[in-house]
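What follows is a single structure, written as structure tokens, with notes after it.
Since the model is a prediction, treat every value here as computed from it, not as a measurement. Proteins come first, then strands; the chains are lettered A, B, ... in the order of their sequence lines, and each starts at number 1.
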There are 2 protein chains.
Amino acid sequence: MNHSEQDATRTRLLEAAGIVFAEKGFNSATVREICLRAGANVAAVNYHFGDKIELYVEVFRRSMVLAQEAEAEQFLLPPEQALTAIITGMVRRMQSSEEGAAWHVRIMAHELAQPTAALDRVVQEVIGPRYASLRTLVSRIIGLPVENETTRMCVLGVIAQVVHYAHARPVISRICPDMDFDPDRIGRHISTFSIAGLRAIAASNTATQTEHQEVP
Amino acid sequence: MNHSEQDATRTRLLEAAGIVFAEKGFNSATVREICLRAGANVAAVNYHFGDKIELYVEVFRRSMVLAQEAEAEQFLLPPEQALTAIITGMVRRMQSSEEGAAWHVRIMAHELAQPTAALDRVVQEVIGPRYASLRTLVSRIIGLPVENETTRMCVLGVIAQVVHYAHARPVISRICPDMDFDPDRIGRHISTFSIAGLRAIAASNTATQTEHQEVP
DNA sequence: GACAGAATCAAACAACTGTTTTAATCTGGT
DNA sequence: ACCAGATTAAAACAGTTGTTTGATTCTGTC
């Protein structure tokens, strides 16, 4: 079997499935809609992928690989500038050209609402490594070890702000209809906000290790 | 029609539907599973609510009302302490007793992945007002008007961190299996982190209004 | 106890689901 | 031109979906 990209209808099925799965999720998406959108027969999914779920796993895996960035270069910058670069990159990548989040974000939203078996693999293969590298960067900024509950919460806090603009978009756009979703502006804000937060955590940590430090 | 709470099977249907809708979402949930869990006949949903969607709207609306807090009293505290109280309350409320997020959070997760018509109403009735009151509090802390893009982003940043621990739980628990989800600890961290962020925003604002302020 | 209305039930409905089957068509090598 | 294998196509499969139907049971009132 030649699985290179030249297989026309296989590729069309993957593209169509990406759109439909992003909108409906695995369960509510139908192979008939996918095949119709791909201009293929109903049996095409079973012929080319065996299963509906195997098609989904392939789509989900590809979407997350696509969501990755070049990375690498920005770790040469000083830590705080590197963090700003990473944050801005993430915000930009999670936002599709038009209104709404990128399709790989919408698939992940369905996975968060109702995880499938494919989530384990994707977390381990692509999200895990990205989380780890961001964690070493944050641990360098706040001066705490990598394996530390506070470090973890700091990383999650940064990620939280970034993904919120993508995942919670349906609510945000309803609450503030005239919101400006410019990725650079959002990225800059999250960076300023988060770096100050990290510095405060670092300060509260150098002062006393165990006791909770009231912000002075 | 007497819609008070004494209607036994109607109440049981609402409870069962809450569980099933939280797990599967509107589309993937089946009225058969709901009725089975409620110990009722398959026709019970149509008899008591007319539609599957009317049952869902009722469940969704109730879940969000349940998610509200007493509020009121903590606005007497000085702004930053009030914010800490609100954050901790939100974190606590979004976490059910056991592993995983509260059921009203899981229903919202499905709505974010694929909004239904019910979302408009819920946002307008319960999320909107809560967002507004949090916004006035934040605007008082950072010294910016309520209707301001920076104020908005600050509020969203705080909310983002809170809801992330609930919505992204499937990913978080996979990335760090030995994570401690103690609501008070998380709430304290988010407060420290966010208040520092807000102060930085406030400082960068009083310095120069238009230009982006590099954190010193 | 009889009776009207509410409530529950089993059964069936048509529509839709993923998948399989079987035949038809296309493709490239000889 | 021919043919084996890959690919497509139409049709049918069994199972599930939300909803409806019509009969049966329950409930409170006279």
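Aromatic ring orientation, A:Y56 versus A:F21: perpendicular (interplanar angle above 60°, classes split at 30° and 60°).
The distance between atom NZ of B:K52 and atom P of D:dG18, rounded to the nearest whole Å, is 4 Å. The distance between atom CG of B:D51 and atom C1' of D:dT19, rounded to the nearest whole Å, is 9 Å. At whole-Å resolution of the value, CG in B:L13 and C1' in C:dT8 are 12 Å apart. Separating the CG atom of B:N27 from the C1' atom of D:dT17 is a distance of 11 Å, rounded to the nearest angstrom. One atom, CD1 of B:I53, and another, P of D:dT17, lie 17 Å apart when rounded to the nearest Å. For the pair B:K24 NZ and D:dT16 C1', the interatomic distance rounds to 13 Å; values are reported in whole Å. Regarding B:H48, its NE2 atom lies at a distance of 15 Å from the C1' atom of D:dT19, rounded to whole Å. At whole-Å resolution of the value, OH in A:Y47 and P in D:dT8 are 7 Å apart.
Side-chain contact check for A:M64 versus A:M108: some heavy-atom pair is nearer than 4.5 Å. Counting heavy atoms from C-beta outward, B:H167 and B:R106 have side chains that stay 4.5 Å or more apart.
Using a 4.0 Å cut-off between charged nitrogen and carboxylate oxygen, B:E58 and B:R61 count as a salt-bridge pair. With salt bridges taken as basic N to acidic carboxylate O contacts below 4.0 Å, none links B:E15 and B:R37.
Taken residue by residue, residues 28-42 of chain B places heavy atoms nearer than 4.0 Å to DNA chain C at B:R32, B:A40, B:N41.
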Would you sort out whether B:E147 and B:R152 count as a salt bridge (charged side-chain N to carboxylate O under 4.0 Å, His left out), showing the intermediate values? CA-CA 8 Å; B:E147 285 291 346; B:R152 269 182 256 201; 3.7 Å; yes

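If you find the closest nucleotide of DNA chain C to B:A43 and to A:G50, the one lying nearer the 5' end belongs to B:A43.
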